[in-house]
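To start, the structure under review is shown below, and the notes come after it.
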Amino acid sequence: MERRPLLHIRGSINTDEFLDDSVKVSPDCGKVLSAKYESLDYDVCENSLLLEEERRRGYPYILRMGISRWLVMCIIGAATALVACVIDISIDQLTTLKYRVLKKFTDQCILENCLVTPFLLWASFNVCFVIIAAICGSCVEPVAAGSGIPQVKCYLNGVKIPRVVRIKTLLAKAVGVTFSVAGGLAVGKEGPMVHSGAVIAAGVSQGKSTSLKQDIGIFEYFREDREKRDFVSGGAAAGVAAAFGAPVGGVLFSLEEGASFWNQSLTWRIFFGSMVSVFVLNLVLSAYHGQPGQLAYAGLLNFGKFDTLNYDWLELPIFLCMGGIGGLLGAFFNQLNYKLSKFRMRHIGHRAWMQVMEAMIVAATTATAGFIMIYTIDDCRPIGQDPNKFSIQMFCGDGEYNTLGALWFQTPEASVRSFFHDPPGSHHPVSVMSFFIVYFLLAIWTYGLGIPSGLFIPGLLTGAAWGRLVGMGLSAAFPTAAWVDPGKYALVGAGAMLGGIVRMTLSLTVILIEATGNISFGLPLMITLITAKWVGDYFNEGIYDMQIGLAGVPILAWEAPPLSRTIYAPQVMSHPVITFSPVEKVRNIVNVLKTEVHNGFPVVEHSSCDSEELGRSCGRLRGLILRSQLITLLQQRAFNEEPALLSRHIAMKNFRASYPRYPSIREVELKEEDMEHTIDLRPYMNPSPYSIQHNTSLPRIYLLFRGLGLRHLVVVSDSNQVVGVVTRKDLARFRAGHHRGQSGTEELLISERV
Ligand code: ATP
Ligand code: MG
């Protein structure tokens, strides 16, 4: 059922143009919002139960909460680091195993007729590993597929993505990403760390897990959306910090890409969590690599040490141009990936077996492409020039190794390091160019498969490849110039490429500075990344926003669309509004909850304008009650006529007990005689919900929703009569639109079919 037809267009564009024919047939791609996503509740319901609880607990309780928040953040940091270590060590073990087996065959392979066995072996290893990854990401837990950054971003924006922060999702993610990286796909393990950190944060802060059916009974007072959200921001930051060894970058990532809500004390706590995460990861990985206590492994992705990263001011225009190239290539990457995702949605959908098949085909293609390149391009270098762990002799003479073999067989992280640190002359331009083209296309195909996978590494690696090419070109052009260092250009290219795809500037610059440990190179990186973002934004959105748009998630942007001040509350709100009286009949409540899907209902004092229809009436606003609260009240039998009610006290803990998954109204057992009872909603409702006058403009409503994280906003008349209600979806429908050089406000369709 289409809830709301396309109404009208503001600004200078016609939405019909946006909805091409295919979209009208199947409203599933990009320009339609899904009705299925519910919002999180960031507004505190200050009802009399909460006030009573606060009075009873007093100041010591506030203190305890404050200390617990720091403690929880510390545990989140440590646990995120441990998960990162487990993933890293497993990948290390699996790739080493694969490499050992393969090396035996490839090193003997100097003559061409021995090609088939190592190829088949390599392809079978990869396909088997990828099958496990695909099962995790498409059968076990589909929400674990991809990097998870778009999902975490939506969650932090206030949209409840089902199952996104469950332990089962974390398990599928961790196992899946281990096998997709070990399976040799063009993916990284860094992006998924953001999602893993978020799940750990949600689990630890709640002291219970639905997947494991465990309730430890601690941190009960954090069982509300607002507290959980803050911890999830911290978990995402700890994930980035562990991935790149970049605690400040983690905090800034959470701020720039994730969190929609922020405050000063949260910054401190998140920074603390990120620091703990980097420290624990370093401790464990150093011990694993045989240097306990030396703290030499700051992050999962180690860029290696750059001895010098100097630059001449004359190079700044070169960095600017590289930023432009990164932006263009990033926009191209996103556009192709978008088209492919649309194709996948139409033809593969949620069919798990097809997702597994596609992943297998990609794995086999990746292996074949690598092998063909190693076979056809002759790029042998003497061993020792690059003391590479995975040096493969394949088709090369004694004392030599195959550079392309090394690039394909080692982990992509190690390949990034090769481009950064291999001495000048280690690679042939033809091999780097062909590696770039093939890896770039494979990365486009791979991102969006039903496997847990990250985008940071493919972005960095392809960028490092073309950056290295730029460096090689420059050193050929200026053979005597001291400033030409191919490794430096590989770093700039890596930043430009990733910036062009994900469009992060601040956090990515800081992540790169922290990962290379070189603060003086910050300016070139920043110039490159900002240029990449500007150029990329001219063509399309960042990849995460594209994915969010494709899923139809009603996310709210930072600001209202431009030129929307002439849109007023009546054009945005829903009416008539379904309301309840302060003392309401149980039968009415049950009927409304069964027949309507809404999650919030204004409580009104009836006045003369009562309509005949059940529940639908206007009246003076007295409060707002949520579906979850009504269900708890019915479950607890908070009926006025219930003799036990006077002696039995309904408290906040009853409302927290089922958080976050309240039963549906059909699961509440009520007898026919209960239906005649009444419930006094006044002690439980939010007595001072945010409301607006009917002449409020869209940007002001937007500001309230964004600033306060609202779920429902009541629209009232001059005499405080309820005339409408605005929710996130009503607002998210209005979006800034750019089309063929024109821009304005477009209005999307809301559909339950997406
Ligand atoms: P959410 O899904 O964000 O938790 P919700 O379920 O209450 O909130 P939506 O799903 O956003 O609301 O609402 C779908 C439509 O129903 C929106 O257009 C909204 O304005 C409208 N709506 C919400 N609550 C009421 C209500 N009490 N009476 C009438 N219409 C409502
Ligand atoms: Mg809803």
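Order of appearance sets the numbers: ligands from 1, and atoms from 1 within every ligand.
- At a threshold of 4.0 Å, the pair Glu227-Arg69 counts as salt-bridged, since one of the basic side-chain nitrogens sits closer than that to a carboxylate oxygen.
- At most 12 heavy atoms of other shown residues, nucleotides or ligands fall within 6.0 angstrom of atom CZ in Arg700.
- Here Arg587 pairs with Glu672 in a salt bridge; the nearest charged N to carboxylate O distance falls below 4.0 Å.
- When non-hydrogen atoms are compared, ligand 1 lies under 4.0 Å from the side chain of Asp730 (C-beta onward) but not from its backbone.
- Side chain of Arg711 to backbone of Leu40: no donor-acceptor contact under 3.5 angstrom is found.
- Taking every heavy atom of Phe601 and a limit of under 4.0 angstrom, the matching atoms of ligand 1 come to 27 (N).
- Between Arg728 and ligand 1, not a single N/O pair is under 3.5 Å apart.
- Remark: among candidates His598, Lys729, Met573, Arg733, the nearest residue to atom 31 (C) of ligand 1 is His598, based on non-hydrogen atoms.
- With a 4.0 Å cut-off on non-hydrogen atoms, Arg711 touches ligand 1 through its side chain and not its backbone.
- The backbone N or O of Cys45 sits nowhere less than 3.5 Å from a side-chain atom of Asn686 that would complete a donor-acceptor pair.
- The option with the heavy atom closest to atom 29 (C) of ligand 1, from among Ala732, Gly600, Pro576, is Pro576.
- At least one N/O-N/O distance between Ile578 and ligand 1 falls below 3.5 Å.
- Contact check on Asp545 versus Lys153 returns a salt bridge, with a Lys/Arg side-chain nitrogen under 4.0 Å from an Asp/Glu carboxylate oxygen.
- Residue His712 touches ligand 1 through its side chain alone, judged by heavy-atom distances below 4.0 Å.
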